[in-house]
Amino acid sequence: PERFRPKPGVVAKIVEIVGAATKKRPATIAGIVAALAKAFPDRDPEKMKRTVTSQLHGAMKAEKGIDVSRDGAGGYWISK
């Protein structure tokens, strides 16, 4: 449905943020949402949080072929 589709730019920014993260310095959902809120102040943070969560938990792999690793403590990075 249209209402669940992220607006252009949000997913690309998520990929950029997680791509810059490393195993030693992983990105967190809260950190990603905070960066998105700065980059897209007109967008609803709660909706962006849902987008971040869905992207990190499988959508990046399914839609873009990007493997996201996680550490069990809330940290995420792109597997190199």
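Index from 1, following the sequence. None of the values given here were measured: they were computed from a predicted structure.
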- [ ] Output the distance between atom OG1 (T51) and atom CG (D44), rounded to the nearest 0.5 Å.
- [x] 9.5 Å

Task: Minimum heavy-atom distance between V33 and K49, given as atom pair plus value - done: CG2-CA, 3.6 Å

Task: Close side-chain approach of K23 to D71, heavy-atom, < 4.5 Å - done: no

Task: Between CD1 on residue I78 and CD on residue E16, distance to nearest 0.5 Å - done: 10.5 Å

Task: P26 to G75 - nearest heavy-atom pair and separation - done: CB-CA, 3.5 Å

TODO: Kindly indicate whether the side chain of K64, heavy atoms from C-beta on, has any atom under 4.5 Å from the side chain of V11.
DONE: yes

TODO: Might you point out which heavy atoms bring A27 and A21 nearest each other, and give the distance in Å?
DONE: N-CB, 3.5 Å

Open item on the list: Within the structure provided, determine whether V10 and R43 are in side-chain contact (heavy-atom separation under 4.5 Å).
Closed with: yes

Open item on the list: Can you tell me how far apart NZ (K61) and CG (D67) are? Round to the nearest 0.5 Å.
Closed with: 3.5 Å

Open item on the list: Please identify which of these residues, T53, I14, L36, meets the side-chain contact (heavy atoms from CB on, under 4.5 Å) condition with M48.
Closed with: L36

Task: M60 side chain near Y76 side chain, heavy-atom distance below 4.5 Å - done: no

Open item on the list: Is there a path of hydrophobic side-chain contacts, each under 4.5 Å between heavy atoms, that joins W77 and L56?
Closed with: no

